[in-house]
Every structure is written in C-alpha cells, then in structure tokens.
Amino acid sequence: MSDAGEVVKPKIGSYRRHLLVCTGPRCSADGASQALFDSLGDMLKEAGLTTGELRVKRSRVGCFAACKGGPIVCVQPDGTWYYNVTPENMDRIIGEHLCNGRRVDDLVFHQAGED
C-alpha cells in the first residue's frame, strides 16, 4: 500500500512519433479539428501505426497560437508543422511522413531548425 502523498510515476508505451492536434476553436471552423482528432485512432490503426516500431501517439492541444489555416498538426520529434489538415491531407501525411519518413512539403508551414 502506498502513502497518500506518494506520487506515482506514469508510464507510456514506446512510440516513434507524437502527433499534436490543435483542437482550439480558432484554428478551424465547425469542429473540424476535433473531428480530425477523433478520426485519427482509426486512421492510424488502418495504417498499422498503433503498435510496433512506427507506433504513433496522438494528443489534443488547446491552442498552438497559430490560429489560421487549420486544422493544424505538429509531428514530434520531427518538428514538422502542417496546416490545412483535411482528412485527405491527413491520409497523405500518414502515408508519406509517418510511414515513410518524407514530409509533405506543400502542407508544411514551419519546420523546426529551418528559417
């Protein structure tokens, strides 16, 4: 039995990349960002990215302070920021970036480490 004041160290399974999806109200209209986040579980599973070496974790973010052109998705640890992430564009990001390591340049609005 643990002390009432003891903090339990959390555990997370290993993963290759982490998708951060802005679900704030100013990025995209009509809940498109939340709908994208909600659909990601099935999309990642279908692509074989929920287990194994290429496993992708996903998290909602309240605001990136980049409030145009959404839905916005950031791929970490790559530091690649995508805009206009429609379901069709998410399919491209999954196939090209998450499965094959090639960013989808026409959807990138910022890349960490580049001017």
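From a predicted model like this one, the values you see are computed outputs, not experimental measurements.
Of all heavy-atom pairs between Pro77 and Arg16, the closest is CD-O, 3.5 Å. The two atoms that bring Arg17 and Gly101 nearest to each other are NH2-CA, 3.9 Å, heavy atoms only.
Tracing side-chain contacts under 4.5 Å through hydrophobic residues (I, L, V, M, F, W, Y), one reaches Leu36 starting from Val75; they form part of the same cluster. With hydrophobic clusters built from ILVMFWY side chains whose heavy atoms lie under 4.5 angstrom apart, Ile72 does not share a cluster with Leu98. Hydrophobic clustering (side-chain heavy atoms under 4.5 Å, transitive across Ile, Leu, Val, Met, Phe, Trp, Tyr) groups Leu44 together with Phe37.
Going from atom NZ of Lys57 over to atom CD1 of Ile12 covers 4.5 Å, rounded to the nearest 0.5 Å. Taking CG of Asn84 as the reference point, atom CZ of Phe109 lies at 11.5 Å (rounded to 0.5 Å). If you take OG1 on Thr80 and NE2 on His110, they are separated by 9.5 Å, rounding to the nearest 0.5 Å.
In this structure the side chain of Asn89 never reaches within 4.5 angstrom of the side chain of Val104, judged on heavy atoms. The shortest distance between side-chain heavy atoms of Leu54 and Val56 does not fall below 4.5 Å. In this structure, Leu49 and Cys99 have side chains that are in contact, with non-hydrogen atoms separated by less than 4.5 Å. Within the 4.5 Å cutoff, the side chain of Tyr82 has no heavy atoms near those of the Met90 side chain. No side-chain heavy atom of Arg103 sits less than 4.5 Å from a side-chain heavy atom of Asp78. No side-chain heavy atom of Ile93 sits under 4.5 Å from any side-chain heavy atom of Val73. No side-chain heavy atom of Val85 sits under 4.5 Å from any side-chain heavy atom of Val21.
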Candidate pair His97 and Val108, rule side chain to side chain contact (heavy atoms under 4.5 Å, CB included), full reasoning | CA-CA 11 Å; His97 191 148; Val108 173; over 6 Å; no
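Counted within 6.0 Å of CD on Glu53, heavy atoms from surrounding residues, nucleotides or ligands total 12 or fewer; the atom is thus considered open. The 12-atom threshold is exceeded at CG of Asn100, counting heavy atoms of other residues, nucleotides or ligands nearer than 6.0 Å. By the 6.0 Å contact criterion, CD on Gln111 is enclosed, its count of non-hydrogen atoms from other residues, nucleotides or ligands being greater than 12.
The side chain to side chain contact (heavy atoms under 4.5 Å, CB included) with Cys22 is formed by just one residue from the set Tyr83, Trp81, Phe64; it is Phe64.
A donor-acceptor pair is defined here as one N or O able to donate and one able to accept, closer than 3.5 Å; no such pair exists between the side chain of Arg60 and the backbone of Gln34. In this structure a side-chain-to-backbone donor-acceptor pair under 3.5 Å is missing from Arg92 to Leu107.
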